[in-house]
Amino acid sequence: MAFTQLIYVSDLVNKNEAALAAILESAVRHNREDGITGMLLYSGGNFLQVLEGAHAQVHATFERICQDPRHRNITVLTEEEVAERHFSHWSMGYRQLGAQEVAQFPQYAPYFQFGFTTAALDAKPGVALELLELFSKGML
């Protein structure tokens, strides 16, 4: 069975970090119900997220995100079929990145110091998945 893997970036409206807990709670609840797994990175007002699951459920979840007034500037980076899920352990893994990660992983600093911009992530194909996988390690 193949799964759809969709990776996108978005901005948190008004950089209102007080909304992060509610966004994460909603994602976990809906994803469990819909059989979606994934990982969410947040840094300085920007999200980088991967959704994995059956094609119809991934698209329904993404559509719900697109309608969420807390997100804006939503851009799909990649969508592909994968043989197995990369983030099967979580209905939604989460990491908030900051100064500690900049110091620990200087090669990725531009991505989370200046935001998960489409231009920066598109300039190095595969880096979005690489970042999501890197920061999911050690969370099990």
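All values derive from a computational prediction rather than experimental measurement. Side chains included, hydrogens not; waters and symmetry mates left out as well; all remaining heavy atoms used.
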- Task: Look only at the side chain of Ser26 and the backbone of Ala22, and say whether a donor-acceptor pair between them is shorter than 3.5 Å.
- Result: no
- Taking the side chain as every heavy atom from C-beta outward, state whether Arg95 and Tyr42 have any atom pair closer than 4.5 Å. no
- Task: Measure the CD-CG distance between Gln5 and Leu51 for me, rounded to the nearest 0.5 Å.
- Result: 9.5 Å
- Query: Could you state the interatomic distance from OH (Tyr108) to OG (Ser43), rounded to the nearest 0.5 Å?
  - Reply: 15.0 Å
- Task: Please check if atom CD in Glu81 has more than 12 non-hydrogen atoms from other residues, nucleotides or ligands closer than 6.0 Å.
- Result: yes
- Task: Mind running side-chain contact (heavy atoms from CB on, under 4.5 Å) on Glu63 and Ile65 for me, showing each step along the way?
- Result: CA-CA 5 Å; Glu63 183 58 33; Ile65 291 164; over 6 Å; no
- Message: Any salt bridge linking Asp34 with Arg64? Criterion: basic side-chain nitrogen under 4.0 Å from a carboxylate oxygen.
- Response: yes
- Message: Please evaluate residues Leu20 and Tyr94 with respect to the criterion side-chain contact (heavy atoms from CB on, under 4.5 Å), reporting the C-alpha separation (whole Å), side-chain torsions for both, the decisive distance (0.1 Å), and the verdict.
- Response: CA-CA 10 Å; Leu20 289 174; Tyr94 174 75; 3.7 Å; yes
- Between Asp11 (side chain) and Val13 (backbone), is there a donor-acceptor pair under 3.5 Å? no
- To the nearest 0.5 Å, atom CG of Leu12 lies from atom NZ of Lys15 at 9.5 Å
- Would you say Ile7 and Leu132 make side-chain contact, with heavy atoms under 4.5 Å? yes
- Task: Taking all heavy atoms of Glu101 and all of Gly98, pick out the closest pair and write down the distance.
- Result: OE1-N, 2.7 Å
- To the nearest 0.5 angstrom, please state how far the OG atom of Ser136 sits from the CG atom of Leu40. 12.5 Å
- Side chains of Leu131 and Leu97: does their closest heavy-atom pair fall under 4.5 Å? no
- If we only count heavy atoms from C-beta on, is the Thr37 to Asn31 side-chain gap below 4.5 Å? no
- Query: Side-chain contact, heavy-atom cut-off 4.5 Å: Phe3 with His55?
  - Reply: no
- Task: Nearest 0.5 Å please: distance from the CG atom of Asn14 over to the CZ atom of Arg72.
- Result: 6.0 Å
- Item | Smallest separation among heavy atoms of Ala128 and Leu77, with atom names | CB-CD1, 3.9 Å
- Query: Can you find a pair of side-chain heavy atoms, one from Gln49 and one from Met92, that are under 4.5 Å apart?
  - Reply: yes
- Query: Counting heavy atoms not belonging to Glu33, are there more than 12 under 6.0 Å from its CD?
  - Reply: yes
- Task: Determine whether Glu79 and Phe62 make a side-chain contact, defined as any pair of heavy atoms from C-beta on separated by less than 4.5 Å.
- Result: no
- Do the side chains of Ile36 and Val76 join up, straight or via other hydrophobic residues, at under 4.5 Å, putting them in one cluster? yes
- His86 and Glu52 have their tightest heavy-atom pair at N-OE2, 2.8 Å
- Gap separating the CZ atom of Phe135 from the CE atom of Met39, nearest 0.5 angstrom: 9.0 Å
- Glu133/Lys137 salt bridge by N-O under 4.0 Å criterion: no
- Please name the pair of heavy atoms, one in Ser10 and one in Ile74, separated by the smallest distance, quoted to 0.1 Å. CB-CG1, 3.6 Å
- Item | Heavy-atom closest contact (Ala19 atom, Arg70 atom, distance) | CB-CD, 4.1 Å
- Query: Hey, mind stepping through Tyr8 and Phe47 against ring pair (Phe, Tyr, Trp, His ring centres under 6.0 Å) and telling me if it holds?
  - Reply: CA-CA 8 Å; Tyr8 75 92; Phe47 295 107; 8.0 Å; no
